[in-house]
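To start, the structure itself, in C-alpha cells.
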Amino acid sequence: MSRWASLALALVAGVAHAQEAKLDTPPKLTHFVEAAIPAELELRGHAEVTLTIDIDDKGKPTAVTVAQSAGAAFDEPAVAAAKQFEFSPGVSAGKPVPVRITYVYKFVFKAAPPPPPVEKPAPPPEGPVLHGVLKQKGDRVPLPGVVVILDDGVAKDMTDNSGRFTLRGVEPGSHVLHLRGSALVKPTDMKLKRLLPGPEEQSFYADGVLRYESRVRGQRPVEETVAQTLSGDELRRIPGTQGDLLKAVQNLPGVARAPFGGGQIVVWGSSPQDTRTYVDGVYIPTLFHFGGLRSTVNSEIVSALDFYPGGYGPDHGRGLGGVIEIETRKPRDDGYHGFVQLDLIDASAMFEAKISKNVSIALGLRRSTIDLWLPLFTTKDLQINPAYYDYQAKIHWKASPRDDVDLFAFGSDDQIKLLTSQPDPCLSAEFDTHNYYHRVLLRYQHRFGKTTLTITPSFGYDQPFAFAATRCNQPITVDAYTWSYAIRAVVRAPINDMIRIDGGLDFEGNKWTLSATAPASGMPREGDTGFSMSSLIKSSADVWENFTAPYLSAVLTPLGKRLTITPSLRLDSYAIDTAGISHTYAEWEPRLAVRWQIKPWVALKLAVGMYHQPPDLTALFPKFGNPDVKPQESVHYVLGADFQPTPTLHIEVAGFYKDMRNMIVRTEDPAAPPLENEGIGRVYGGELLVKQELWHNFYGWISYTVSRAERKDHPDQPWRLFQYDQTHIFTLVASYKLPRGFQLGIRFRYVTGNPYTPVIGSYFDAGEGSYHRVSGDVYSGRLEDFHQLDVRLDKTWAFRLWRFSLYLDIQNIYNHRSEEGVTYNYNSTQTEKVGGLPIIPSIGLRGEF
Amino acid sequence: MRALLAILMLSACGTDFDPPSLVTGFRVLAIQAEPPELSPGQTTTLTILRAGPLPNGATFHWDWCQKALVTGQSGTINPDCVTNQTADYLQPIGDGEQIQFTMPDVAYDKGQLGLPDATLGLYLPLRVWISYPGDPAPLNQNPLKAFYRLRLHIAQNPSKPNQNPALSGIFQEVGPDGGMTDMQLDENGALVAKAGSKVTLRTYVTPGSDEPYFSLSGDPKSMMLMPQTEEPRFFWFATAGKFSEDVTGEPKPDTVLDLGDSKHYAPTGQPFDIWVVVHEERGGVGWLHAQIVAK
C-alpha cells in the first residue's frame, strides 16, 4: 500500500429496491474490485460516494449511477470499480431476481503504518521472488489496485499505490501475467518469454486509464448542484480546440459564439468583460491569447476548470456574467516527466520532477509559431502578425501531512501588429498593441481535522490594453498598466454531518496608470453605432482600486443529504480613487442555492443571487468616461433539473433569468459627463446539455441554448437587442476511438447570426473632408446564421517510456464563409458582406514522457 | 481593445469598392468658410467646391442645426440634423452655392454646441441640402447632405482666430533622391504625365498657412494649454487614375497616381481633372484644381 494512503470500504448499505416482489435474500458481494485511489484523497482525508447499482438475476451489475457525489475525482473510479463487482443474485420466491441496491464506497486516507519491528528477520521467500512495478505506457504513471496473477494462479498480488507487487515462486522462463483492475483500459494478459525473478525491481507497462489529466466542469462542482465533469483527455481532441483544454468551455451551454472565433467569452447575455477568470483563486485579465488561438494558461498544468454561467456562490463576485475558475495541479512527484509539442500555432514544452523528498517542480513555456509563417500569406494591403508567449513555474512543498505550500509564477504576453493599407486613410489602419499579465501567488493550505484553511496572497503586473494605432491618418494611443495585489482566504469547516460553514475574504487591489490620446467618444462601448475619429483629446490619470469582500455561507444537507440548501452572504466594498475623485460603495449580495435529489437519477436545482460589478477602467477614465459612475448590479435566477438515466449519460436542463440595473451607458445630455448609470438589461432563456461519457469507444455531447438578451440604455428608450444576442446556439461534439490508437472527432455548430446596426444613409462633413454614416436602430439588423463543421483525426503511439501523438484538425471543412459583418464604401452607397474564416487545416505533433 | 481591433479588421477587409478619390459624377468635395473662425456678430462667406456635372434642377438649401452631437453617437453631427429636412431645431440660413452667414450669439456655455474639443473649438453645424429631380440614389444619397462645422471664436481661447490654408501647387517627384519639381504644362495649361506611368505627387501649403495655436493636454488635474502647429492634410481627387494614398500629409507626404491602373485607366491625350483639398484640424479649408493629360 501507499505510504500515506490506504483504502477502506463500506459494503452494501441496504437494499433500496426490489424489482419484483418481496426479497427473501439480498444480493451479496462475492467479488470486490478496488477503485483507483485519487490523488485528492490525501488532501481530503476521506470521501464517500453513494452509488445506485442495478444487479441482474445473474448477479452482474447492469447499471451504476452516482446517487451522492463526492466530486468527480472520486465518482469515476468508484463507478468504474463497481461495474466490475460480482454478486450472488437476490432471491425472491425462490428465484433469482433483478435488484437495485444502494452502495456507499468510502475512501479513507490513512497514514502509513509504522515500519515493522526488525527483531525478527523476514521469512525466507518460498522459491524465486519477482519484484515488479506496474506502470502505464507512455507517461509511466504507477497503476494501483491491479491484480497481478501469474499463469494460472501460481502466484497472485495486488499493486499498491506506487504500482509495486511481489510474486513468489516464479521460476525463470516463459510466463503469462494476467492483469485485472479498473485502472486498466481492459483486462490484459502479458506474455513474457524470459522472465527472470530476482532482487532487482522490474518494470512492466500496460495501457491504463489513469492520466494526470485536466477536467472541465460545466456546472458547480460542490454539494449544492451536481458536478458536471468532462474528461480532459477527450476534450483535448475536440475539433477546433487545437488540443487546448480550456477552449472546450466555448462549447458549453450558455456560451455565445465570438465573431471570427475570437476569444471573448459571452455568457448568458453578458459582455465579455463581465465574465471573470481566476487561476487558483487569483484574477487574471484574459483567458485567451489574441483571437482566441490559445489559452494563456497551459492546460497541461490545469487540474480542473469550473465554469459557472450564473447563480454562483459567494466566493466570487465583481462580475455580472459568469466565472471561470482554473485550478492548477501540483507537479508530479513520481519521477521526471514532460512533453514537447509543435504545431502551426505554437510550440510548447513542460518539464516536471520531484527534486527532494517533499518538493516537486513544474516548468512550462509556450511561444507562438504562427508569427513565423503568417507573414508569408499576407499582402502589402493587409498584414497581421500576432506573437505571444506564456509561462508557468510552480513549486509544491509538502511541508507536513497537514500543510501544503505552493509557489506559482505565471504570465502571458501578446503583441500584435496589424497593418491595412488602402487609398482611403479612414479604411487604412496601423495597429500595434502589447498586452501582458504576470502573477506570482503563494498558496498555503492547512488542515485541522476536517477543517481546511487556504490563504493565497498574490502580486501582479499587467498591461491589459495598450496600443498605438493610426487611422484616418490620426494617431490614437492608449496605455493602461497596473500593479495588482490580492489576497484570498478560505475556511471550510464541517460542523456535523448536516452542516458545513464556509467563510472567506476576497480582496483585490490595483494601482492603475492611464494615458490616452483618443477620440472624445473614448473606447467603443456596447451599443455604440460607430467609431468616430473626430475630436482627438488627451487624458491621463492614476486610479486606485481596493475591493474587499468578506463572505459566509452555510451548506445544509438534511434528509439524508438528499436536500442541500446553501444560503450565503457577501459584502463587497469598492473603494475607487480616480485622479483624486474618491468613492466607496458597499454592496450586500445575498445568494441562495438549493439542490434536491428526488431520485438517484433525477435532481432539481435552484439558485438566486445578487451580483455587482465595479466600473471598468475605460468607464472611469477622466474625459473619456466618468469617475463618478457606480457599480452595476444584477440578479440571477436559475431553475433546472439533472437526469442520469444511465451511468454514463447525463442530461441537464435549466432556465435562467438575469435582471441588470445601473448599467453604464452613454449620456444623452451633451453637457454632462459622457457616461452614467442609467441602463438596464434583461436576459432570459433555457439551456440543455446531453452528455455521453465514454461508452463503447464513443464520447460526445449536445448543447443547446435558446435565449434573448436585451438592453434599455435610458428609461425613455425602447428595449433593444444586446450586441451578442444569439437566439439559438447548438453544438454537437462527438468522438470515437478507433483501433490502433486512432481517434476521430467532429464538432458541428449552428448559431444565430449576431445583431448589427444597419447604415441607413450618410452625410459629408465638408470641414474635415470625410463622409459619416447615419445608423438605423441599434442592433436592429441580423447577420446570417453561422454554421460550421470541424473534423479532427488523432493517432497515438504509446511506447514504454514515452508517447507520441499526431493530429490533423480541419476547421470549417465545407468552407462556409459565415457572415461576420457588413462593410460599406466611403459614402455608404454600396455594401459588402464580410466573410468569416475559411477552411483551416492544421497539423500537430506531440511527444510526452 | 478587442472590440476596437474587431472594428478595424472589419473595415480593413479587402473590398471591390471604388476609392473615394475617384470622381465619377456630381459630388461636393469641400465647403469653405471665409473666414473660418469668427466671433458672434461677424459674417463669413460659405462656398461649395463641387465636381462633376451639376444635375438639372439642383437646389442648394442651407440650415443651421441647433442640435448638438451626443457623445457615443458616431460621426460629427447629431443624426437628427441629417435625417429630417425640416424641424424646429433646423433654422434656414440661405439658398445657393454660395451664401453669407453671420455668427449668432450662442449660449455655448450651456452645452448648446456640445463639449469643446482639445483646441477649445466649438462648432455650429451648417447643413446644405442638395436635392434634384430624378430617382433617389441608394441609401438616401439624393438629397445629398453636406455639413460645414463653423468654428466659433470664444473669448477664453488664447489662440488667434483660425485662417484658411492655401496651396502652393502640385509637384512631381524627380530622381531617386526624392526631390520635387513643378510638373510640365502643355499648350492648354494641363499638367503633363507619361501615359501609363506612375507619378509621385506632393503638394504644400503656402508659408504661414500652418498656424500656431494652443491645445489642451496633460492630466485632468493639471491640464494645460500647450502650443501646437497645424498639421494640414491633403485630400486628392481625380476623374481617372488611382492614387496610392487618397490623403497625404505627415508622415506620408506623397501619393502615387497610377495612370495605367486597369480599372481607372487614364486615356492617352484626353485631359482629366484633379483636385487637391487641404484641411487642418480647426476647420480651415483650401483647394486647387488642375487638369492632367497623359502623353
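To find a chain, count down the sequence lines: A is the first, B the second, and so on, and within it residues start at 1.
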Contacting moiety of B:Leu49, where chain A heavy atoms sit under 4.5 Å: neither
Residue part contacting chain A, namely of B:Val277, when any heavy atom lies under 4.5 Å: neither
Part of B:Arg27 within contact of chain A (heavy atom distance under 4.5 Å): side chain
A:Tyr824 side-chain N/O to A:Val759 backbone N/O, donor-acceptor pair under 3.5 Å: yes
Flag for B:Gln228-B:Glu281: side-chain donor and acceptor within less than 3.5 Å: no
Gap between atom OH of A:Tyr826 and atom CZ of A:Phe764 - 0.5 Å precision: 9.5 Å
Minimum side-chain heavy-atom gap B:Thr76-A:His772 below 4.5 Å: yes
